[in-house]
Protein chains: 2
Amino acid sequence: MNIAEVATRAGLPPKTIRYYEDIGLIHPRRQANGYRAFAEADLHKLAFLGRARGLGFSIEECRTLLALYEDQSRASADVKALAQRHLTAIDAKIAELQAMRATLSDLVHHCAGDHRPDCPILADLAGAAP
Amino acid sequence: MNIAEVATRAGLPPKTIRYYEDIGLIHPRRQANGYRAFAEADLHKLAFLGRARGLGFSIEECRTLLALYEDQSRASADVKALAQRHLTAIDAKIAELQAMRATLSDLVHHCAGDHRPDCPILADLAGAAP
DNA sequence: CTTGACCTTCCTGTCACTGGAACCCTTATG
DNA sequence: CATAAGGGTTCCAGTGACAGGAAGGTCAAG
């Protein structure tokens, strides 16, 4: 398989696949002409990585997950701990965004949004004491 | 005011303040010795920027907000539109994170997390057809 | 006069790619 | 046979918003 086919089947851009090779996540063989020769196992790994990235795991977490996946003697506790940490991080981000959302939504609500210059959004950013 | 005092009062690291000058968000004067000489107006702008960044506005959005703030003939509609767009972007991010969270939480729930290697999290990442 | 706490600029690194230039390989067509 | 299109390759630079650190100038106190 050449890179374009793998890219289509794994749902990842060729650039990303080359990058993943660069940083040592995959190790496709090479053909005589220098082209990458992807095996089914490479495709499988790339799809794995695509899904893990889709769940928001960092590249380093993905590296660990791949290593665990390939370690037949792993303990599921290790995987679960990693996923649990990531879940906590996601929750923190959601909370942060929801706090922003609440403030911003409130400000937007109080802004007339007309041709006049008076604006509670700018007033708040400028540090208006309520 | 030297940079350290402004940093404390604006709640921003000195590095960030120098960066903001670099990209043209602020223009503090210089003392004879080359040190930055911050006026109250600079401090005010930096605090404004800190709050806007805290609400998740990008640097370029902050630049626009500052320009609107300083434009006495602005229309509040322009500010509101910018804030509204940002709010929509935040909502999209929240939705994305919540989708991740739902999947991940489900997987974590189904993982025994013991010494055995069987792990539904890895199975899902590997593309297990349900 | 020296110490230590400031300040300065400049360079590098972060994260996970993306775009583009310059060039090689393969296949089809005139 | 030349060439053009459509693969592939490497390498370099840029993204956003800073943070870390080196090398060196400045200033007040002891």
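Below, read A as the first sequence line, B as the second, and so on, with proteins coming before strands; counting in each chain starts at 1.
Within the nucleic acid shown, A:Pro14 has no heavy atom closer than 4.0 Å to any nucleic acid atom. Among the protein residues, B:Arg18 comes within range of the nucleic acid bases, having at least one heavy atom under 4.0 Å from a base atom.
Of the residues near DNA chain C, A:Phe57 and B:Glu21, the one whose nearest nucleotide (by heavy atom distance) lies more toward the 5' end is B:Glu21. Judged by closest nucleotide on DNA chain D, A:Ile3 is the one of A:Ile3 and B:Ser58 placed further toward the 5' end.
Taking only distance into account, the side chain of B:Tyr35 meets the base of D:dG25 through a donor-acceptor pair shorter than 3.5 Å.
Comparing D:dC18, C:dT8, C:dC7 by their nearest atom to the side chain of B:Tyr20 picks out D:dC18. Of the listed nucleotides (C:dG20, C:dC7, D:dT9), D:dT9 has the atom at the smallest distance from the side chain of A:Arg36.
A 4.5 Å side-chain heavy-atom check between A:Asp42 and A:Arg29 finds every atom pair outside the cut-off.
Regarding A:Asp22, its CG atom lies at a distance of 10 Å from the C1' atom of D:dT10, rounded to whole Å. Taking atom OH of residue B:Tyr19 and atom C1' of nucleotide C:dC10, one finds them 16 Å apart after rounding to whole Å.
Under the 4.0 Å criterion applied to side-chain N and carboxylate O atoms, A:Arg36 and A:Glu5 are not assigned as salt-bridge partners. Using a 4.0 Å cut-off between charged nitrogen and carboxylate oxygen, A:Arg63 and A:Glu60 count as a salt-bridge pair.
Residue A:Arg53 places at least one side-chain N or O closer than 4.0 Å to OP1 or OP2 of C:dC17.
For the side-chain hydrogen bond (donor to acceptor under 3.5 Å, both in side chains) test with A:Tyr69, the passing option among A:Lys45, A:His44, A:Arg74 is A:His44; the others fail.
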